[in-house]
Every structure is written in C-alpha cells, then in structure tokens.
Amino acid sequence: MRLPVADFSKMDASIRTLASIYEHRKVSPRGQAELLWYQYYTQHMQKIREAWERGEFILSMFDACPAEIPYAMDLPWYGTVVYGPGAVAVGAKIEEATLDSARQVGLMLETCSGWRMTVGMMMRGWYPRPGAVVSGNPTCDTCAKCWPLMAYLANVPSFFIDVPFPAGNERNISYVATELAELIEWLENVSGKKMDWDRLRETVELGRQMVELNREIQEILKARPSPIVPRMTTQSYWFNWIYSGTPEGVHFLTALRDEVKEKAVRGASGLPPVKGEAPVKERFRVISIPPVPQIRGKTLDWLWREYGVSIVVSTFMLWPDVEMDPDKPLESIARKYLNNPLIRQYFNPCESPYGTVTATVQAARDYEANGVMIWGNPSCDATSGFVKIMRDRLAETGVPSVVFDHDPADPTYTSEDALKERMEEFVDLLESREWEG
Amino acid sequence: MPVVGIDVGSLSTEVVVLEEGEVVYSWVEVSADDADTGARKALEAYLRQAGLSIDQLGPVGSTGVGRRDLSFAQVRKTVPSCLAKGIHKIFPTVRTVIDIGAETSHVVKVNAKGNPEDSVVHDKCGAGTGTFLEAIAKVLHMSLDGMAERALAATTKAEIGNTCAVFIEQEVISLLHQNPPTPVEEIIAGVFAAMAVRVMGMVRMVELNPDVAFCGGVAKNAGLVRALEAELGVKLFIPENPQLVAALGAALWAGERKN
C-alpha cells in the first residue's frame with residue numbers, strides 16, 4: 001500500500017491552535033503550569049516539524065514507551081496518541097477522515113478509536129513519515145497489533161518492546177531492561193545515531209525527580225477543595241509521557257506542584273471563578289478512571305461550576321515509589337516504564353495489589369471521594385473487562401460509580417447533551433446520598 | 001396547594017397533579033416543539049376545573065429530556081431519580097425499576113427510602129425502546145395492542161438473532177417472506193424475547209433485586225411483559241398508569257422542594 005506524501009496541514013493547524021491558546025493564556029493566565037503545558041506541547045510539535053524539514057531521521061513511538069531513550073540519543077520522536085487523537089482535542093478535525101481511512105484496512109468500530117485514528121493519521125500522511133516505529137504490548141492487544149500495521153503502512157522497520165504480563169515483578173523488570181538494551185542497539189543501527197550514556201544517566205535522574213514531583217502532587221491533591229482543574233489531571237499525565245526524563249518535564253511538574261500547593265494552602269479550588277462571580281464551590285469529589293478525555297475538558301468545567309463536582313484525581317496520576325539509580329540506567333528506566341500508572345494498573349491483574357481496581361478503591365478512600373466516573377469506552381478491551389468488578393468493589397465500600405458510554409477520542413460517538421444528561425443523573429444520585437446522610 | 005410533576009419526553013408529555021399527597025389529575029399529551037406549550041396544554045383541563053392559573057400552582061417539578069426547557073418548573077430532576085421516587089410511592093417494596101420509553105430505556109436500583117442507588121441507561125440503539133416496537137408494528141401492519149395479543153397466543157417463538165433495530169427489522173421481513181413463512185405470532189414473540197434479553201443485560205449492570213417494577217408506556221404491552229418475566233424469572237409489578245411514574249416522582253420531588 002502506498003501512503004500519500006506527507007501532509008502537514010493538520011499538524012500545522014494544531015501547532016497554530018496551541019500557539020494561539022498559549023498566547024491567549026499569557027494575556028489571561030490561569031496558572032503557570034497550564035501556560036507551560038501549552039508552551040512545551042507546541043515546542044514539541046514544532047521540533048518534529050523542523051526535524052522533518054531538515055530531513056532528519058524521525059522516530060514514531062507509542063507515547064507510553066520510555067522516551068528517555070530517544071532523548072538520550074538526540075532522536076526526534078513523536079508520540080502517536082498525543083499527536084493523533086490529541087489533535088482532536090485542539091480542534092484539528094481529523095476524526096472523520098482518519099476513522100474512514102482505518103476502515104479501509106479493516107479496523108472497524110469495535111476497535112479502539114484511539115488506534116483507528118492513529119492508523120488513519122499514518123494512512124492520510126498526517127504524521128511525519130517516520131524512519132522507524134517503536135511500540136510494546138502494554139497496555140492492550142490492540143496497541144500491540146496496530147503497531148506492526150503502522151510499520152507496514154509506512155514501510156519502515158519496527159521494534160517491539162516485549163513486556164511480560166504481569167508487569168510488576170523484579171524478574172520482568174530485568175527482562176525489560178534487556179529489551180531496552182536491544183532497542184538501543186537496534187536504534188543505533190537504523191538511525192545512525194549513537195547512545196549518549198551520560199545523557200541517559202541524566203534522563204534517569206530527571207525521571208526520578210519527575211516521579212517524586214508526581215508523588216508530591218498526588219498528596220497535595222487530597223486537599224479540599226480540589227486544587228486542580230479537571231483537564232489538568234489528563235494534561236499532566238500526557239506530559240509525563242512526552243517529556244519523560246527531561247528538564248522540561250521537571251520544570252512543568254515543579255510549576256504544577258507549586259501551583260496546587262499554593263491553592264491548597266489558600267483553600268482555593270483549582271477551577272478559577274468566572275470574572276465577577278463567586279468562587280467555585282466543591283460539593284462532590286469524584287475520581288476519574290481512566291483520565292478525563294481531553295475532548296471533555298469544558299464539560300467537566302461545566303459540571304464543577306453547575307453542580308460542584310470536582311475531579312480530584314485520575315488514577316493514572318498515582319505513581320508508586322520508583323527506585324531510580326542513574327548508575328543502572330536501563331534497569332531504572334524499565335522499572336519506571338512498568339510502574340507508569342497506566343501500565344502498572346492495566347498490565348497487572350485488576351485485583352492484584354498493583355491492579356486498577358485495587359488502585360481505584362484505595363484512591364476513593366485516600367481522596368475521600370463521593371463517587372467514581374468510569375469512562376467506559378466500549379471498544380477498549382483493557383477497560384471493558386474490569387468495569388463490572390470495579391463497580392461491585394466500589395459499591396461494597398459505599399462509593400457509587402457511573403459508566404459513561406463514551407469514546408475518549410471520537411467526539412461524535414456521544415453527544416454533549418447525552419453526556420451531560422448522564423452526568424446530571426449521577427449528580428442526582430450523589431445528592432440523594434447526601435440528603436440521606 | 002397543588003403540587004405538579006411534568007415529564008417532558010421526546011414523544012409525549014405527562015402531567016401529574018397531587019393534592020394532599022394524592023393524585024387528583026393526570027394527563028398525557030403529545031410533546032410540542034417547545035416544552036412549555038406541551039406542558040401548558042396538558043395542564044389545561046386541570047386548571048380550568050380548579051379555576052387556577054399556572055401562576056397559582058404550588059411547586060412544579062420537571063423531568064425528562066425537556067425538563068430544563070420548562071420555564072415554570074422550580075425543581076428539575078433526572079429521570080432515574082423521579083422513577084425511584086415515583087415507584088416508591090406506588091410500590092414501596094420495589095428495588096429495581098425498568099422503564100422503557102419512546103427513545104430511551106433506564107434500569108434503576110432503588111433503595112428503601114425511594115432514592116436511586118444506581119442506574120444504567122440505554123440510548124444508543126433503538127432496539128430496546130418503544131420507537132423500535134412501533135417500527136416493527138408498522139412492518140407487520142398491526143397495532144401495538146394487536147402485537148401483544150398475537151404474542152400471547154404464541155406457543156413458541158422465532159429465534160431473532162440480531163440486537164440492532166435495523167437488522168431485527170430486516171430479519172422480521174425475511175421471516176415473513178421465507179417459504180414457508182414463520183407464523184406472525186412466533187415472530188412477534190421472538191421480537192419481544194430479543195428485547196427482553198437486551199433489557200436483562202441492563203438489569204445485570206445494576207443487579208436484579210426483587211421486587212421489580214416495569215414502567216413507561218411500553219409496560220402496557222402484555223406481550224413484552226410476559227417475555228420480560230420469562231427472562232428475568234420474576235413477576236413484574238406494573239403500575240396502573242405506568243407512563244406516569246416519572247411525572248409522579250417529579251411532583252414528589254417538587255413537594256420536597258429538592259432541586
């Protein structure tokens with residue numbers, strides 16, 4: 001199959017939108033962390049764009065794979081989720097065309113739209129044509145199977161990081177470290193660039209600082225009212241992907257930590273009040289699993305303003321303590337990779353100590369949550385399997401949950417009105433419980 | 001002072017008026033383009049007979065898809081909350097409510113105080129809704145009552161394999177035209193059974209806790225009631241006016257003035 005020549009119209013539109021949001025936020029600031037998010041996100045895309053113009057070797061990689069490696073090799077790389085489905089969130093209008101393209105290679109409605117869009121982006125030529133692709137099997141079979149398809153479509157070599165299930169034991173961490181060593185050797189061959197081992201050790205230290213900052217933030221988020229704006233619970237997670245082990249990552253998370261800390265000390269809510277109106281109150285504290293879809297950021301602002309429902313945390317923000325030693329860079333990066341909350345929670349049995357059900361039930365206690373929102377993407381095989389168990393376990397601890405029949409990447413799947421209706425039903429339920437005491 | 005509950009649905013608007021906690025008036029009106037017009041029309045007879053204007057009514061509660069658009073409602077509650085409250089007034093022992101409306105189906109878990117504990121909604125595919133049954137009735141050239149009667153006469157049922165409204169319709173047509181054709185009563189019984197399986201899937205999401213009530217306009221269909229009872233394995237509690245339960249709940253919420 002012959003791919004069309006690169007078409008940067010969508011990427012350029014995304015860069016323009018992000019840059020204009022950044023400029024707008026500079027004039028009407030809502031916090032340093034958000035400003036940095038837009039600044040660095042724009043820069044990340046611009047760097048890829050410029051690397052393409054210079055004819056450099058570009059790596060396409062699943063966002064959750066260890067970014068420390070391309071950074072230490074000075075390899076321009078892009079994460080397909082953040083660039084693909086992420087572009088929907090900035091209004092690049094890619095959904096219809098990419099989903100249509102994916103259908104042409106057999107990816108139907110039952111396949112996760114995130115991956116359908118990713119494959120569709122490649123088919124449309126809307127990603128920079130990569131020199132190679134890298135992926136792994138976390139967190140789902142669809143992820144594992146779409147990457148070979150991406151490499152096939154782009155007609156470039158690919159590397160697959162094999163992660164044994166379950167992810168969270170030392171034997172598997174050692175095994176993944178050997179996989180990463182192979183990945184480095186393979187990347188040196190296909191890209192012609194060499195690993196800078198000193199720089200890799202630096203990324204480990206910076207990654208360690210990022211984990212610590214994440215852990216500080218997750219403690220601060222227990223404050224009442226929630227000091228974080230709902231969409232940031234996802235934005236910060238994305239940032240941990242694309243700037244993993246970098247000074248930018250540390251800079252952003254430091255700003256976010258300082259910001260939520262300052263608000264928590266002041267007793268201010270994360271969502272700023274509308275000019276001239278009273279501060280936003282928090283009536284109900286809700287946990288989001290998986291993170292709030294970026295396309296629904298405004299809807300969740302509405303939910304907080306209208307009904308006082310805050311998103312206190314996403315379980316994907318909950319980092320465990322990760323031992324990181326710059327003198328053991330590959331082992332440390334493997335450990336961080338497998339303890340990334342997404343992989344730790346989804347690539348272990350859901351009721352194991354690391355699993356997503358255990359993590360969510362514990363988070364509901366720790367954050368004194370009134371309820372849990374489950375974005376039950378029906379085409380997500382990783383999520384669908386645990387929804388029933390999670391709802392039952394939460395109910396046993398007295399925490400109600402709601403499942404939104406919702407696609408995190410495709411805004412046309414559920415109408416805004418239908419989503420709001422379901423949210424209001426959940427608010428009614430929370431209110432009833434409040435009145436009953 | 002009369003307390004009013006109005007359920008503004010996509011096809012019909014139901015009104016219930018309570019005095020001293022008892023239903024003194026109820027009406028079902030075809031929904032108008034705007035919620036106010038339909039609701040005012042549904043209240044006309046009551047206002048005339050009571051010699052009141054809309055402004056002289058007590059608290060008004062609204063529910064349904066058009067609840068936000070009703071300008072004279074003071075209390076607005078979602079359908080699951082109103083179903084829970086309404087059914088608790090009629091059948092206090094009910095813990096699960098199945099509501100099948102024109103375009104949406106709900107299953108609500110109700111607690112002992114008449115509040116919702118959990119709910120699921122089915123609004124993507126028409127196969128679990130009243131509109132779907134109307135489409136099948138049209139294909140079969142009969143009324144909904146006629147469908148119910150024929151289904152009750154069936155001794156066996158056709159296997160309807162699809163759970164998509166469009167495909168079920170195609171399947172019904174092919175069963176009618178195959179040689180020899182499948183008896184109509186068996187087809188209808190099969191359609192009801194397929195719908196019951198779909199509802200059962202929703203019930204499982206909130207758990208089947210007896211007693212179980214069935215409401216919404218579709219609950220008047222004896223054929224579907226039989227199919228649902230067979231699938232759920234319980235005797236269903238069906239209110240005298242099953243389509244008014246949400247409006248009753250809205251009136252009760254309005255009486256409590258809880259928004």
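Each chain gets a letter, A, B and so on, in the order its sequence line appears, and its residues count up from 1. Scope of the values below: all heavy atoms of this structure, side chains included, with no hydrogens, waters or symmetry mates.
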Is it the backbone or the side chain of B:Arg204 that comes under 4.5 Å from a heavy atom of chain A, or both, or neither? backbone
Please look at A:Asp417 and chain B and tell me whether the side chain, the backbone, both or neither of the residue comes under 4.5 angstrom of a heavy atom of that chain. neither
A:Tyr354 backbone acceptor or donor facing A:Asn348 side chain under 3.5 Å: no
For A:Ser226, does its backbone N or O pair with a side-chain atom of A:Ser310 as donor and acceptor, under 3.5 Å? no
Which bit of B:Glu207 comes within less than 4.5 Å of chain A, counting heavy atoms only: side chain, backbone, both or neither? side chain
When you measure from the side chain of A:Ser113 to the backbone of A:Arg116, do you find a donor-acceptor pair of N or O atoms at a distance under 3.5 Å? no
Checking the side chain of A:Arg285 only, and the main-chain atoms of A:Lys222 only, is there a donor and an acceptor separated by less than 3.5 Å? yes
